[in-house]
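Remarks on the structure that follows.
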Amino acid sequence: METLRKADIEAVVWLNQWGGSHRVLDIFLEIIVSDYFFPILLALTLLGLWFWGKSAKSRESNQRAVITAVVAIGFANLVVLLINDYYFRPRPFSENELELIFYLPTDSSFPANPAVLSSSLAFGVWKTRKYLGAFLLLLGALWSLSRVYAGLFFFTDVFSGALLGIATAYLVSYGMRWLEPLPTLLIRCGRLFHLA
């Protein structure tokens, strides 16, 4: 376990060494590391998917994927909350001298919240729309790894968060059958108000 911890620290320190030395890279990373860019991009993607489809059947399939992704995000965040109540891992910047390009979060580093959120969303969509799900997973990886570069997470935090998000979305996607007829009713109510 100590070997993994040392490798984690060395990887973050090695990746962070370029922070502050390339102004263009830092400006780009300040944008993608932020709490706004990727969450808004992911939310707009879900909104677009909700309304996209050539037929009523394909729109309904997309809407079910959006519902699955949103429920998966909710459950994944609940699991993160429970983990953080019992386990606290200090952030990389609190134990090492790193070049910071972001504010200093005070919550636990484990598991990485961006990895949990983006992977649960991506996998929730992936069951219905493989290419879009893969693209969203790639965006989530970029968001999460940029935060490793910024000294906010360790690689193991990101990897664990991604696994947690995928596992949660997998369980939710199969559990959606038990929630019927709620998803169908939600979609029908949306149609009544021209929102589906």
Are any of the side-chain heavy atoms of Leu164 and Ser160 separated by less than 4.5 Å?
no
Trp126/Leu136 under side-chain contact (heavy atoms from CB on, under 4.5 Å): CA gap, chis, key distance, verdict:
CA-CA 9 Å; Trp126 182 80; Leu136 291 172; over 6 Å; no
Side chains of Tyr174 and Lys127: does their closest heavy-atom pair fall under 4.5 Å?
yes
How long is the gap from CG on Leu41 to CG on Leu139, to the nearest 0.5 Å?
5.5 Å
Are there more than 12 heavy atoms of other residues, nucleotides or ligands under 6.0 Å from atom NZ of Lys130?
yes
Can you find a heavy atom in the side chain of Leu117 that is under 4.5 Å from one in the side chain of Leu42?
yes
Mark yes or no: Arg59 above the aromatic ring of Phe51, with NZ or CZ under 6.0 Å from the six-membered ring centre and no more than 45 degrees from the axis.
no
Is a donor on one side and an acceptor on the other found under 3.5 Å between the side chain of Asp157 and the backbone of Phe154?
yes
Is the centre of the Phe135 ring less than 6.0 Å from the centre of the Tyr131 ring?
no
Which word best sums up how the rings of Phe123 and Tyr170 line up, parallel for under 30°, tilted for 30 to 60°, or perpendicular for over 60°?
tilted
Hydrophobic cluster membership, with links at side-chain heavy-atom distances under 4.5 Å among I/L/V/M/F/W/Y: are Ile166 and Phe155 in one?
no
Considering all heavy atoms of both residues, which atom of Trp143 and which atom of Ile32 are nearest to each other, and what is their separation?
CD1-O, 3.1 Å
Please tell me if the side chains of Phe75 and Ser120 come closer than 4.5 Å, counting only heavy atoms from C-beta onward.
no
Linking I/L/V/M/F/W/Y whenever any side-chain heavy atoms sit under 4.5 Å apart, do Leu132 and Leu47 land together?
yes
Should Leu138 and Ile40 be counted in the same cluster of Ile, Leu, Val, Met, Phe, Trp and Tyr side chains packed under 4.5 Å apart?
no
Flag the pair Ile83 / Val79 as yes when at least one side-chain heavy-atom distance between them is below 4.5 Å, and no otherwise.
yes
Nearest-0.5 Å distance that lies between atom OG1 in Thr68 and atom CG in Leu179:
9.0 Å
Chi angles and distances behind the side chain to side chain donor-acceptor pair (under 3.5 Å) call for Thr156, Arg89:
CA-CA 11 Å; Thr156 53; Arg89 182 178 190 188; 2.9 Å; yes
Quick check against the 3.5 Å criterion: does Gln63 have a side-chain atom that pairs as donor or acceptor with the backbone of Ile187?
no
What distance do Ser119 atom OG and Ile73 atom CD1 have between them, rounded to the nearest 0.5 Å?
9.5 Å
Heavy atoms of Ser118 and Pro114 approach each other most closely as OG-O, 2.6 Å
Quick one, Phe38 and Arg147 - any side-chain contact, counting heavy atoms below 4.5 Å?
no
Over all heavy atoms of both residues, which pair between Thr168 and Ala76 is shortest? Give the atoms and the distance, please.
CG2-N, 3.5 Å
Is there a side-chain contact between Leu152 and Pro105 (heavy atoms, below 4.5 Å)?
yes
How many angstroms lie between CH2 in Trp52 and OG1 in Thr45, if you round to the nearest 0.5 Å?
12.5 Å
Taken to the nearest 0.5 Å, the spacing of Ser108 OG from Asn84 CG works out to 4.5 Å
Looking only at heavy atoms, which two atoms of Phe88 and Thr106 are closest? And how far apart?
CE1-O, 3.7 Å
Minimum side-chain heavy-atom gap Asp107-Asn113 below 4.5 Å:
yes
Distance col, row Leu82:CG vs Asn77:CG, nearest 0.5 angstrom, shows 11.0 Å
What about Trp14 and Leu145, same hydrophobic cluster or not, with Ile/Leu/Val/Met/Phe/Trp/Tyr joined at side-chain heavy-atom distances under 4.5 Å?
yes
Hydrophobic cluster membership, Val148 vs Val33, 4.5 Å side-chain cutoff:
yes
Closest heavy-atom contact between Arg64 and Pro183?
NH1-CB, 3.7 Å
For the student: nearest non-hydrogen atoms of Thr128 and Asn62, plus distance:
CG2-OD1, 4.2 Å
